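Read the structure below first, then the notes.
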Amino acid sequence: MRYLVRRLLHAVLVLWGVSVLSFLFSEMAPGDYLAEMRMMPQISKETIAAQRAQYGLDRPLPIKYARWLKSVARGDLGYSFAYNMPARKLLGVRARNTLMLTCTAVLLSWLFAIPLGVWAAHHQRGWAGRVFGAGTSVLLAIPDLLLALVFLMVAVRTRLLPPGGMVSVNFAELTPLGKLQDLTAHMLLPVVVIVLGTLPMLVRHVRAAMLEVLDAAFIRAARGHGLPERWVLFRYALPAAANPLISLFGFSVATLLSASLLVEVIMSWPGLGPMLLEAIFARDLYLVIGAVVLSTLFLVAGNLVADLLLYAADPRIRTGEP
Amino acid sequence: MEALLQVRDLHVQYNLEKAGHVSALRGVDFEMTAGQSVGVLGESGCGKSTLATTIPGLLPAGASITRGSVRLRERELVGLEEMELRSIRGAEVELIHQEPALALNPVLRIGAQIADIVRAHMPGDRGSAIRQTQEMLQRVGLPGERFFRAYPHQLSGGQRQRVVIAQALVCRPQLVLADEPTSSLDSTTQSEILSLLQTLRQEMRVSLLLISHDPAVLATLCDRVLVMYAGKIVEQGPLSEVYRRPRHPYTQALLSLVASRQSGNGNVRLPAIPGHPPNLSQLPSGCSFEPRCAERLGACAVREPEEVEEGERRVRCFKYGG
Amino acid sequence: MAADGAQVCVGVEPLLRVERLSKSYVHRHPLLLRQHPVTALNGVDLVVGHGCFLALVGESGSGKSTLARCLACLERPWSGSVWFHGKDLVKLGEAELRRTRPKIQLIFQDAATALNPRFSALDLVEEPLRIQHYGSARARRQKALEAMAQVGLPPDCAQRFPHQFSGGQRQRLAIARALVQEPELLVLDEALSGLDLSLQAQIMNILFELRQQHALTYLYISHDLGLVRQVADEVAVMDGGRVVERASAAELFRSPQQPVTQALVRAVPEIAGIRPVAGSW
Amino acid sequence: MSRDRKMWAIAAGLVALHAAALFAGFLAPYDFATQNRSLAFVPPPRLRFVDNAGRVRLRPFVYGPRLHQGSFTEYEEDRSREFPLRFFVLGEPYKIFGVWNARLHLFGIDEPGRILLMGSDGFGRDLFSRLLYGSRISLFAGLLAAVLSLGIGLFLGAFSGFYGGWQDDAIMRVSEVFLALPWVYLLLALRAFLPLRLNPAGAFFLLIGVIGFVGWARPARLVRGVVLSARERAFVLAARGFGASGPYLLRRHALPQTFGILLTQAALLVPQYILAEVTLSFLGLGVAEPVPSWGNMLAELQQYHVLASYWWMLLPGFALVPVFLGYYALANLLHERVKFVVP
C-alpha cells in the first residue's frame with residue numbers, strides 16, 4: 001500500500017506544480033482581459049481601473065493565487081470574466097464531453113493495440129509482419145490533424161455521418177435509445193480519428209515490449225520445459241510484458257488528450273478544447289488556467305490508474321524489494 | 001545397462017549475419033547409458049554449450065544441425081516435429097541453464113512455475129500437481145508454503161538454482177543436461193548445489209550430462225568425461241582413468257594446471273597453455289590444437305586425426321595412431 | 001621471493017596500513033523517511049607489505065568490493081584511516097587525492113565494462129597519461145605500446161576496439177592501462193574469476209613477471225579459494241565487513257581456524273590422486 | 001552496410017525537402033501574397049497533351065478557367081485559348097535569402113493566364129506557391145524548436161544526471177510537471193499568455209521559443225538516464241581512478257554516450273514540432289495572414305462551404321506525410337544503429 005500512497009502524494013504535488021506554473025506564465029503575459037477595452041477610446045481610465053479592482057487583477061501574484069486556490073476549494077475552479085460566472089459551470093459540462101471522447105478512445109485503442117502488438121511480435125519475421133510494419137509506419141506518418149480534416153470532408157461530402165457537433169438539433173425530442181444512437185453517430189468520427197492517430201504508436205510499443213520479453217532467458221527455459229506455446233505466450237510472455245506496457249498507458253493517455261483537443265476543435269465537439277481556445281482569444285485568464293489544470297487532472301488520473309494496474313500486475317513492486 | 005543416448009557425427013553451424021558460417025560442432029560422437037553421469041570438459045568456445053542446447057532441439061534461431069544424429073532410447077531427435085519435441089522436453093530431457101536468476105519468470109510464483117511443468121506432462125488435476133511441486137521443493141531444500149508462494153526476486157542465487165533443479169527433476173526425466181549450473185554462484189553455494197545434484201541424481205536414478213570448464217567440478221559428480229576442443233571431442237573415457245593418465249596433450253595441459261593449483265607451492269610460474277583459444281571461423285587445416293601443442297608431429301599440421309578406440313577410452317591424436 | 005610468503009607480507013616495511021575502516025550504505029527511499037542502513041565495512045584492519053601478493057577472500061556480501069573501492073580512493077569510508085606513504089588517504093583533499101590515485105589502481109572483474117567501447121586500444125592505454133599530462137604525445141604513445149607489449153598484446157591490435165577483443169585480451173588491456181601509470185599497488189577485484197583456467201594461468205604469469213620487473217604489490221580479491229591458494233603469499237579472510245583470519249596460503253589450507261574459513265576451504269573442489277605431469281611448458 | 005546507405009538516402013531526401021523550402025522563390029511561379037479576386041477557389045487545371053483538333057503536343061498545356069454559366073463558384077475549362085507550359089520564365093520579383101533580387105522562376109505560363117497547379121484559395125492566391133513559401137515557416141520552425149528543446153534537455157539532463165543531489169531532484173520535479181501536461185494544452189496555455197497579434201518575424205521566433213520550451217522535459221530525462229548509467233559504468237569509475245576530474249569525465253565519457261539518444265530524439269522531435277507549429281497556426285495562434293504556413297493554409301477548411309466543395313484546399317495537408325515518413329524512418333534507423341554501436 002505504501003507504494004500507492006506515495007504515488008497519490010506525487011500526483012497531488014504535480015497538480016499543484018502545474019497550477020503554480022500556469023500562474024507564473026500568466027504573470028508574464030503583457031496583455032490581459034481588459035486589453036481590448038483599453039483600446040476603445042470611449043471607455044475612461046477610471047472604469048478600467050475599477051474593472052481591474054473588481055476582478056482582482058491588480059493584486060500581486062501570491063494573493064491572486066491564494067484567492068484562486070480558495071475558489072478551487074469552494075469548487076468554483078476560478079472565475080470567468082467573459083461569461084461572468086464560476087468556471088466550474090462552464091468547464092464541468094465540457095470536461096464530461098472530453099472525457100466521453102478520450103475514455104472511449106483509450107479503451108478502443110488499447111483493445112486493438114494489445115492483440116495487434118502481440119500478433120506482430122509473433123509474426124515478426126514473416127512477410128505478414130513486414131507488411132503490417134509498413135502499414136503502421138505510413139499510418140504513423142499521417143498527423144491526426146490531417147486525418148480529422150480528411151474524415152470530416154468525406155463525412156460532409158457523403159452525408160453518411162453527421163459532420164461534427166455532439167448532438168443533432170432535435171436531440172431533446174428523441175427517445176432515450178434515439179438519443180444514444182444520435183450521440184454514437186456523432187461520436188463515431190472523432191473517436192475513430194483519435195484512435196487511428198495513436199494506434200500505430202501503441203502497437204509499435206506493444207510489439208517492442210513483447211519482442212524484448214520473448215527472447216528473455218525464462219521464455220527459452222519455459223519452452224525447454226516443453227510447455228505448450230499457448231502457455232508460453234499468454235501465461236509467461238504477456239504478464240512479464242505487463243510492466244513496460246502499463247507504464248506506456250500513462251503516456252498513451254497524454255497523447256490521446258492532446259489529439260482530442262485538436263479533433264474537438266475541428267469537429268466542433270463541445271469539449272475542453274474549443275473552450276480553451278475561446279478563453280485564449282478572450283484572454284479569459286482563470287478559464288484558461290481552469291482548462292489546463294483539468295486536462296492535467298485527467299492525465300494524472302490516467303497515470304494513477306497505470307500505477308494501480310502496475311501494483312496489481314507486477315509482484316516486484318507489490319512486495320517492495322527492488 | 002541399455003543405451004540411453006547416442007550422438008553420431010553431430011555437426012552444428014551458426015550463420016552469423018556478417019561473419020558467415022561458423023561451425024560450433026564438427027563431428028561429435030559419444031553415448032550414455034541409463035543412470036550414468038557424464039562430464040563435458042572444455043573451455044569457452046569449444047562447443048560444449050551448443051552440444052547441451054542441440055540435444056533437446058533448443059538451438060537459437062541462427063543455428064542449425066547440418067549433419068549427424070541424436071538418438072534418445074532408439075528414437076531419432078534430429079528433424080523431429082516441434083510438437084513431438086515439445087512432449088519430450090520436460091518429460092524425457094531437461095536443460096538447466098547457467099544463469100539461475102534469468103531462468104525464472106519474474107512475475108510468476110515459484111510454485112506455479114513448477115506445477116505448470118507437471119500439468120504439461122503428467123495426467124492428474126491441479127491438486128496432484130501442487131502436491132508433487134511441494135514434495136519436489138522439499139527435496140531440493142526449499143520446504144513449506146513460504147517458498148511455494150515466493151517470487152524469484154525474493155530468493156538468493158543459490159535458492160533460485162535449487163528451484164531450477166526442482167523444475168528439471170519434477171517430471172523424473174531420463175536425462176538432465178546441466179550447462180555450468182554453478183559458475184555464477186559463490187564457492188560455498190556452489191559446493192552445496194553440486195552435492196544436492198549428486199544426491200538427487202542417485203535417489204531418482206536420473207542420467208546427468210554436466211558441462212563445466214573446471215575439471216574439479218566434474219570430478220565430484222561424473223563417472224565418464226568428454227574433453228572438447230574446437231567443436232570436437234578430443235578425448236573421452238572413465239573420469240578417474242582419464243584424470244590419472246590423460247593421453248591427449250590438451251587434457252594433460254588442463255589437468256596439470258589444476259594439479260599445480262592444488263599443490264599450492266605458491267607464486268611460481270603456472271603451466272599455462274601458450275597461444276590463444278581457436279578461432280572457429282578460421283580453423284587450421286590440421287589438428288586444431290596443433291598450434292599450441294608441445295608434442296606436435298609432422299602429420300598434425302596436415303590433417304585432422306581420427307578417433308582411436310582402446311577399451312573404454314578414445315583419443316583423437318596422432319601420438320596414438322589416428 | 002622467499003619460499004614461505006608469510007613474512008614477506010608483514011615483516012618488511014608495509015606499503016599500506018588500514019586501521020578500523022568502516023562504511024555503511026543507506027538505502028534512502030525518496031519519500032519515506034525510514035532508512036535501513038547496510039553495513040559494508042565494520043572496522044577493517046589490514047597491512048599490505050611491499051611486493052607482497054595478498055589475497056582477500058570472503059563470500060559475496062562480506063564487503064570485499066567496498067574495501068577495494070575505498071583503497072583505490074574511489075569511495076570515501078565513514079571512519080578509520082588508510083595510511084599510504086605516511087599520509088592518510090581518507091583525510092586527503094580531492095585535488096591531492098587525484099594525484100595519488102594513479103599509485104593505487106583497481107582492475108575490475110568484467111573488463112568489458114571497464115573499457116570505454118568508443119576508445120581504440122591505444123587510446124585506452126594512453127588515456128591515463130593524457131589525464132596526468134605525461135610528456136609529449138609521441139612519448140605517451142611509446143609508453144603505451146611498451147605497456148601493451150609487456151602484457152602480450154602485439155602493436156598491430158592498437159587500433160582495434162574493445163568489442164573486437166576476447167575476454168582474456170580485454171583484461172590484459174585493463175592491466176596495461178593500469179601498468180602505464182607506474183602504480184605501486186594493484187587491487188584486482190575478482191579480475192580472473194570470469195575466465196577459463198588456461199587464460200587465468202596466462203594472465204597470472206604476466207602478473208608474476210610484472211611483479212619482478214616493477215616490484216608491484218598485489219591485493220587479489222576473490223571468493224574462489226582454489227585459484228588463490230596457488231598464487232598468493234598470504235590470505236586474509238573477510239566476513240561481515242571485518243577481517244576474521246589471516247595466514248600464509250599453505251597454512252590457511254592446512255589448519256583453517258574460523259568457521260567461515262573452514263567453509264571456504266571445504267568448498268574448494270578437490271581432485272583426489274592427481275599429480276602434475278612433467279610437461280615442458 | 002545496407003542500413004547506412006538507406007539512412008543516408010533518407011537524410012538526403014529530407015535535405016532536398018528543406019532546400020525546396022529555401023528556394024521557394026525560384027520554384028514557385030507566383031508570390032505567396034498576390035491576390036486575384038476573379039480567380040477565387042479555382043480547382044487545379046488538367047495538364048493536357050492533346051489539343052482540340054486531336055493533335056498531340058510535345059509541350060503540355062492548360063486551359064484557363066472560366067465561370068460556369070449562371071454560377072459564381074463553378075468553373076469550367078475555357079478551351080478557346082491554350083497556355084503552353086514554359087520553363088525558366090521571368091515572373092514576379094522575389095528575394096533569394098532575403099538579400100538578392102531575382103525574377104527567374106522554374107516554370108510559368110504567358111499572361112493573362114495563371115498556372116494554379118494546386119488550385120487557388122478564397123483570395124485567388126496560388127496554393128502551390130503558398131505551399132512552398134509556407135514550408136519555410138513550418139519546416140524550419142520545427143527544426144529550430146527541436147534544436148532548442150534538445151539544447152535545454154542536454155544541458156539540464158547532463159547536469160542533473162552527473163552532479164545529482166538536490167539540483168537533480170529539483171530539475172526532475174519540474175520536468176515531471178511539464179510531462180504531466182498533455183503537450184497541446186501546455187502549448188496553447190503558453191501561447192495564450194503571450195501577445196496574440198504579432199508581426200510575422202516575431203510570431204516565427206515566438207513559436208520556436210514556445211514549442212522548444214514545451215518539449216525539453218523528455219529529452220532531459222533521457223539524457224539524464226544515459227549520463228546516470230554512464231556514471232555508474234566501470235570505465236567512468238576507472239577513469240576517476242586515473243585522477244580524472246568531474247568535467248573531464250563528463251566531456252570524454254558521459255556525454256559521448258548521449259549522442260546516439262540525441263540523434264534519435266532529434267529525428268522524433270522535429271516532425272512533432274512541425275506538427276505543433278501547424279496546429280498552432282491552424283488554430284490561429286501561430287503565423288497570421290498573409291504569411292503562409294502549412295497550418296494557416298488549412299485553417300480555411302474549418303468553414304463548412306470550403307469543406308463541402310473545395311477539396312483541393314486539403315492538398316497542403318498531404319505535404320506533411322512525406323516529411324513525417326522521412327523523419328520517422330530516419331529515427332528508426334538511428335535507433336537501431338545506436339543500439340548496435342554501444343555493446
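Just so you know, these numbers come straight off a predicted model, no measurement behind them. Values below: all heavy atoms of this structure, side chains included; hydrogens, waters and symmetry mates excluded.
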### Query
Do A/Phe251 and D/Arg218 come close enough that some side-chain heavy atom pair is under 4.5 Å?
yes
#### Entry: Considering all heavy atoms, the nearest A/Thr98-D/Tyr185 contact
CG2-OH, 4.4 Å
### Message
Counting only non-hydrogen atoms closer than 4.5 Å, does A/Val18 touch chain D with its backbone (N, CA, C, O), its side chain (CB onward), both, or neither?
### Response
both
#### Entry: A/Glu212, CD: over 12 other non-hydrogen atoms inside 6.0 angstrom
no
### Message
So, taking the atom named CD1 in A/Ile266 and the one named CD in D/Gln302, what distance separates them when rounded to the nearest 0.5 Å?
### Response
7.0 Å
### Message
Please classify the contact of D/Leu190 with chain A as side chain, backbone, both or neither, using a heavy-atom distance under 4.5 Å.
### Response
side chain
### Task
Considering non-hydrogen atoms only, spot the tightest contact between A/Val156 and D/Ala308 and give its length.
CG1-CA, 3.6 Å
### Task
Under 4.5 Å heavy-atom distance to chain D, tell me which part of A/Leu257 shows up: side chain, backbone, both or neither.
both
### Query
For the candidates A/Leu276, A/Val293, A/Val300, which exhibits the highest count of non-hydrogen atom pairs separated by less than 4.5 Å from chain D?
A/Leu276
### Message
Quick one, D/Leu314 with A/Met153, criterion side chain to side chain contact (heavy atoms under 4.5 Å, CB included). Give me CA distance, side-chain angles, the key distance, then yes/no.
### Response
CA-CA 9 Å; D/Leu314 200 53; A/Met153 180 173 274; 3.8 Å; yes
### Which portion of D/Leu275 sits near chain A, non-hydrogen atoms under 4.5 angstrom
side chain
### Query
Is A/Trp16 close to D/Val177 at the side-chain level, that is, under 4.5 Å between some pair of heavy atoms?
no
### Query
Any side-chain heavy-atom pair from A/Leu149 and D/Phe282 closer than 4.5 angstrom?
yes
### Query
Does the side chain to side chain contact (heavy atoms under 4.5 Å, CB included) test come out yes or no for D/Val321 and A/Leu146, once each step is laid out?
CA-CA 9 Å; D/Val321 176; A/Leu146 183 60; 3.9 Å; yes
### Task
Answer whether the closest heavy-atom distance between the side chains of D/Leu298 and A/Leu145 falls below 4.5 Å.
yes
### Message
To check you understand the geometry: which heavy-atom pair defines the closest contact between A/Leu299 and D/Leu179, and what is its length?
### Response
CD2-O, 3.6 Å
### Summary
Value for CG (A/Leu13) from CZ (D/Arg173), rounded to nearest 0.5 Å, stands at 8.0 Å
### Query
Is there side-chain contact between A/Leu261 and D/Leu188, with heavy atoms separated by less than 4.5 Å?
yes
#### Entry: D/Tyr327 portion near chain A, given a 4.5 angstrom heavy-atom threshold
neither
### Query
For A/Val288, is it the side chain, the backbone, both, or neither that has a heavy atom closer than 4.5 Å to a heavy atom of chain D?
side chain
### Query
Which region of D/Phe213, side chain (C-beta onward) or backbone (N, CA, C, O), has a non-hydrogen atom less than 4.5 Å from a non-hydrogen atom of chain A, or is it both or neither?
side chain
### Summary
Rounded to the nearest 0.5 angstrom, the CG-OG distance for D/Asn332 and A/Ser137 is 7.5 Å
### Task
Check D/Leu181 against A/Ser295 and note the closest heavy-atom contact, atom names and distance.
CD2-OG, 4.2 Å
### Query
Where is the tightest heavy-atom contact between D/Phe324 and A/Leu140, given as atom of each residue plus distance?
CD2-O, 4.4 Å
## Note on the structure
Ranking D/Val174, D/Thr279, D/Leu283, D/Leu187 by heavy-atom pairs under 4.5 Å to chain A gives rank one to D/Leu283
### Query
Relative to chain D, which segment of A/Val150 carries a heavy atom at a distance below 4.5 Å: side chain, backbone, both, or neither?
both
### Message
To check you understand the geometry: which heavy-atom pair defines the closest contact between A/Pro143 and D/Leu320, and what is its length?
### Response
CG-CD1, 3.7 Å
### Message
Between D/Val278, D/Leu285, D/Leu186, who has the most heavy-atom pairs with chain A when the cutoff is under 4.5 Å?
### Response
D/Leu285
